[in-house]
Engineer: 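Below is one structure. I have some questions about it.
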Amino acid sequence: MEISGKVKKIMDEQTFSSGFKKRELIVQTQEQYPQPISIEFLQEKADLLNDLQEGQDVKVSIDIRGREWTSPEGVVKYFNSIVGWRVEKMVPVQAGTAPANQAPDFQKSTATPNPASLQADENDLDDDLPF
């Protein structure tokens, strides 16, 4: 899955006594109702956030993970986490230009074709089908 938006905040890296490390990225989605989404980057993936800056447009590849926890009182609770594994910096599109990987948007013609021009001359057809 992917989440796109603007980098709202990049948290400091946390390192635990076990050697485990994580870093959180907050991405503000850009939709009708923007959402601040917290994404964790674990172990060596935490280094992916080193070159990011707040305000940058990004596309983050994520996995959603869930886990079950039983409290000492026997109550079972469920938790979800969003874990990032790739970050792509997005280049803002200038007004009037199309991204390099997007085909130009051509206007559709509303003119009605001439029926005579739609008829094919039998001599123009290459019939190389075996049946």
Side-chain angles (χ1 to χ4, degrees):
M1 297 179 73
E2 295 178 337
I3 293 177
S4 296
K6 282 196 181 296
V7 174
K8 183 171 184 165
K9 189 156 182 81
I10 303 168
M11 306 297 193
D12 291 334
E13 185 176 283
Q14 297 175 314
T15 304
F16 300 89
S17 59
S18 63
F20 179 79
K21 67 179 185 176
K22 78 173 190 174
R23 196 166 179 194
E24 288 182 75
L25 170 70
I26 309 300
V27 174
Q28 182 83 26
T29 62
Q30 297 176 327
E31 51 197 8
Q32 184 177 359
Y33 301 106
Q35 302 292 313
I37 306 295
S38 175
I39 305 168
E40 296 178 328
F41 287 80
L42 310 176
Q43 298 298 84
E44 70 278 351
K45 298 295 183 183
D47 294 336
L48 295 174
L49 305 182
N50 292 342
D51 295 333
L52 294 182
Q53 296 177 1
E54 292 181 9
Q56 262 183 324
D57 291 319
V58 292
K59 180 168 56 171
V60 183
S61 298
I62 61 163
D63 291 325
I64 298 177
R65 296 186 182 164
R67 61 192 167 282
E68 182 180 288
W69 176 74
T70 305
S71 72
E73 294 81 29
V75 177
V76 177
K77 294 189 177 194
Y78 297 91
F79 297 92
N80 299 316
S81 59
I82 301 172
V83 180
W85 51 273
R86 180 174 58 195
V87 178
E88 295 177 53
K89 296 176 189 176
M90 305 301 290
V91 178
V93 178
Q94 299 285 333
T97 62
N101 61 349
Q102 181 178 344
D105 185 21
F106 295 107
Q107 288 183 322
K108 294 181 180 177
S109 173
T110 57
T112 305
N114 179 354
S117 68
L118 296 177
Q119 294 176 351
D121 184 8
E122 286 185 43
N123 296 332
D124 290 337
L125 296 177
D126 288 333
D127 190 8
D128 56 351
L129 299 175
F131 47 90

Engineer: Can you list everything that forms a salt bridge (charged side-chain N to carboxylate O under 4.0 Å, His left out) with E40? Sequence neighbours excluded, please.
Structural biologist: K22

Engineer: Partners of R86 by salt bridge (charged side-chain N to carboxylate O under 4.0 Å, His left out), sequence neighbours excluded?
Structural biologist: E88

Engineer: Sub-3.5 Å donor-acceptor pair from the side chain of R23 to the main-chain atoms of M11, do we have one?
Structural biologist: yes

Engineer: Quick one: pull up CD in E54 and CD in Q28 and give me the separation to the nearest 0.5 Å.
Structural biologist: 12.0 Å

Engineer: Roughly how far apart are S81 OG and R65 CZ, rounded to 0.5 Å?
Structural biologist: 6.5 Å

Engineer: For K6, give me all partners under salt bridge (charged side-chain N to carboxylate O under 4.0 Å, His left out), at least two apart in sequence or on another chain.
Structural biologist: D57

Engineer: Could you list the cluster mates of W69? Members are the ILVMFWY residues connected by side-chain heavy atoms closer than 4.5 Å, either directly or through other members.
Structural biologist: F79

Engineer: Output yes when a side-chain donor or acceptor of S71 lies under 3.5 Å from a complementary backbone atom of V75, and no otherwise.
Structural biologist: yes

Engineer: Assess whether atom CG of D12 is packed by more than 12 heavy atoms of other residues, nucleotides or ligands within 6.0 Å.
Structural biologist: no

Engineer: Using a side-chain heavy atom cutoff under 4.5 Å and only I, L, V, M, F, W and Y, what cluster partners does I82 have?
Structural biologist: M1, I3, V7, I10, L25, V27, I37, I39, F41, L48, L49, L52, V58, V60, I62, I64, V87

Engineer: Go through the structure and list residues passing salt bridge (charged side-chain N to carboxylate O under 4.0 Å, His left out) with K45, not counting sequence neighbours.
Structural biologist: none

Engineer: Which value, rounded to the nearest 0.5 Å, describes the distance between F16 atom CZ and K21 atom NZ?
Structural biologist: 12.5 Å

Engineer: Find the distance between CD (E13) and OG1 (T15) and round it off to the nearest 0.5 Å.
Structural biologist: 4.5 Å

Engineer: Could you give me the CA-CA distance, side-chain angles and deciding distance for K89 and Q56, then say whether side chain to side chain contact (heavy atoms under 4.5 Å, CB included) is met?
Structural biologist: CA-CA 7 Å; K89 296 176 189 176; Q56 262 183 324; 3.6 Å; yes

Engineer: Going by atom types only, do Q35 and T29 share a side-chain donor-acceptor pair under 3.5 Å?
Structural biologist: no

